[in-house]
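Since the structure comes first, as structure tokens, the remarks are kept for the end.
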There are 2 protein chains.
Amino acid sequence: MKRATIYSIAQELDISASTVSRAFSKPELVKESVRERILATAQRLGYEPNRAARGLATGRTGLIGLLIPDITNPFFPPLVRAIEQAAAGAGAEVLLVDSGASGSNEPGLIGRIKAQVDGLIVASPRMATAGLKRAVAGVPTVVVNRAVQGLPTVVCDNSGALREAAEHLYSRGHRKVVLLRGPGAAWAAGRRAQAVRRWAEGRDVELVELGPLEAQFEDGRAAVGELVGSGATAIFAFDDLMACGVIAGLSEHSLRVPADCSVVGCDDVLLARTVTPSLSTVTAPVEELGGRAVEMLSRVVAGETVKDEVVTGTLTLRGTTGDAPRS
Amino acid sequence: MKRATIYSIAQELDISASTVSRAFSKPELVKESVRERILATAQRLGYEPNRAARGLATGRTGLIGLLIPDITNPFFPPLVRAIEQAAAGAGAEVLLVDSGASGSNEPGLIGRIKAQVDGLIVASPRMATAGLKRAVAGVPTVVVNRAVQGLPTVVCDNSGALREAAEHLYSRGHRKVVLLRGPGAAWAAGRRAQAVRRWAEGRDVELVELGPLEAQFEDGRAAVGELVGSGATAIFAFDDLMACGVIAGLSEHSLRVPADCSVVGCDDVLLARTVTPSLSTVTAPVEELGGRAVEMLSRVVAGETVKDEVVTGTLTLRGTTGDAPRS
DNA sequence: CTGAAAGCGCTTACAG
DNA sequence: CTGAAAGCGCTTACAG
């Protein structure tokens, strides 16, 4: 048996297909009694509007494309969920594309989906700006966690929380601090490094920078080798994954956290709660980030002009920060 | 400027739209010289076939719907990626729907997307069988990691690896073992429990079962309280997340892993490598799981009959398993 | 190998 | 409030 259409319903009820169509797309234009009969037989026939047909007629697909670099990085799943749920609230579905962290083929991936979405949310921090702008030309696009001239943007600002963390460590006696930088091409990596660097300037603090490094557990762990014996008593890692690597590395060198060395991460992903001791970090309001992105995208799709938005991370002190060891 | 269509290209080249259409959908039917000219001007005009129009004409959307219970559970991101990449290889895109672990609204979510996908991959272990079958009626569907009568299925069998793990612990002197069961409604939870239980039968092993429990870090941690002083020397957790909770809980009770207690997880998610000590667990071939699901779905969509498939997990011994403590 | 034409299932001005 | 009709941009038998 074929799928029901507006025509089969119209025929059944001896009315026009236009009216059936309106009963779904503009219900207020249809007399209530008629609408009820339409809805009832639609229900009975298991009718669902054909999205392709609707899309062809309206030019809208009801789909949002979401490009992320690596769903396997624990920062992204909550973001994906937030975006997906916000989209559902707006009656849209999410087309997920994971670029496998290789910024180079992202323009191609965008090309693959741009013709079938109403808009794009791009959360790929490392893709080259020029390529990004070229790739999204003609599609309503919102960029997440990255500033791109000329494209609407919603970013999370962690500078304040990072400074707060630094201040906290300072008050606990830390005077030599390591900064593990994230990937050179990642916008957020630059911002976070800058925040710590600026804080250290003009204070009696020695800041040792390492990196840029890949934002991976192993890179964090490996970095510890270079730090042991440096006299540093606290480490800022680019993100939580690296921070967990650092914790593992410290433990391999028989250094206790936080007794011998404090560690601060960034993002507050699931891992931050599951390491022992649990990680002091900057909590990103991921739900808000995703929600704003979707909302902003709806505006852009509707042709409104939007202005960039900023959400702010907050400091969450847990078990990896403590007094500097006496030397 | 409006988007290019097959008509604008046809006009430009003074040929028929049919030919332009064929150049994209059945290139071998078009003379090479003509095809080249078409492709060239398509390129120049930035033409992309309108998916909605193609979908309306062919009845195919090129979309696969993927239903998962919780993208935030570390088991799923690698699965999602595997499915997405396999789909890309097959020229399909993935519509991701996360039910937020609430099995109850999953039929609704399926209803929301079933009209716009060519097929469905359902990886929701807890949804009621009857509701699931009703919800997917009429859409080609493949079920992952769960057996459902009458629906094609690809599951991961961890029984062998779990028995192997148990055997290993036995050889290291463990004679009292705890089994932390997963969610009662989850198919995999039943299977895993059964594997351990069957192994223990007829051996001089005392098996203590706890649960069903939610598959969460906190549940694992909380469970430790009930185990301390029980005399058990090894713990099988339903999955890695629970296992990590158990490790944290043991540490809070000043018990060393594996010196005082061994721990075995299941799945081998990212967390398993980032805990200290790293987790002994059963590695699920997630990529294969996802790849097979997509492949099977293509077959089902094509109307072929398929038979259920099974991939098998393998034991990965790391740092949380060792000799039973001498008592 | 190519073209003319019908059809996929909607939406939406337009007329009533 | 409702209907007839055109149109969205493709695909695909059919004829040549």
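Residue numbering restarts at 1 for every chain, and letters A, B, ... go by the order of the sequence lines.
- Two residues are said to be in side-chain contact when any heavy atoms from C-beta on lie closer than 4.5 Å; V122(B) and V142(B) fail this criterion.
- Within the 4.5 Å cutoff, the side chain of P74(A) has heavy atoms near those of the L270(B) side chain.
- Spacing of C1' atoms, dT12(C) relative to dG16(C), comes out at 16 Å, to the nearest Å.
- Summarising the geometry, the separation between CD1 on I6(B) and C1' on dG7(C) is reported as 13 Å, rounded to the nearest angstrom.
- Atom-to-atom, CD of E32(A) to C1' of dT2(D) comes out at 17 Å; the value is rounded to the nearest Å.
- Scanning DNA chain D for stems, defined as runs of 3 or more consecutive Watson-Crick or G-U wobble pairs whose donor-acceptor distances all fall under 3.5 Å, gives the following ranges: C:1-3 with D:14-16, C:5-12 with D:5-12, C:14-16 with D:1-3.
- OP1 and OP2 of dG3(D) both lie 4.0 Å or more from every side-chain N or O belonging to Y7(A).
- Annotation: side chain of L95(A) is in contact with side chain of L63(B) (closest heavy-atom distance under 4.5 Å).
- Put simply, the side chain of I68(B) does not reach to within 4.5 Å of the side chain of F75(B), judged on heavy atoms.
- Atom CZ of F24(A) and atom P of dT12(C) are 15 Å apart (whole Å).
- Between the CG atom of N50(B) and the P atom of dG9(C) there is a distance of 16 Å, given to the nearest Å.
- Here the rule is side-chain contact (heavy atoms from CB on, under 4.5 Å) with V97(A), and of I71(A), L109(A), V117(A), I110(A) only L109(A) fits it.
- Separating the CZ atom of R37(A) from the P atom of dC1(D) is a distance of 16 Å, rounded to the nearest angstrom.
- For K26(A), a side-chain nitrogen or oxygen approaches OP1 or OP2 of dT12(C) to under 4.0 Å.
- Shown are R134(B), Q149(B), R146(B); of these, the side-chain hydrogen bond (donor to acceptor under 3.5 Å, both in side chains) with T129(B) is made only by R146(B).
- Between dC10(D), dC1(D), dC8(C), one nucleotide has an atom nearer to the side chain of L56(B) than all others, and that is dC8(C).
- Ion pairing between E93(A) and R112(B) holds under the 4.0 Å rule for side-chain N and carboxylate O.
- With contacts defined as side-chain heavy-atom distances shorter than 4.5 Å, the pair W187(A)/V155(A) qualifies.
- Listed by residue number, I15(B), S16(B), S18(B), T19(B), R22(B) are the residues of residues 15-23 of chain B with a heavy-atom contact under 4.0 Å to DNA chain C.
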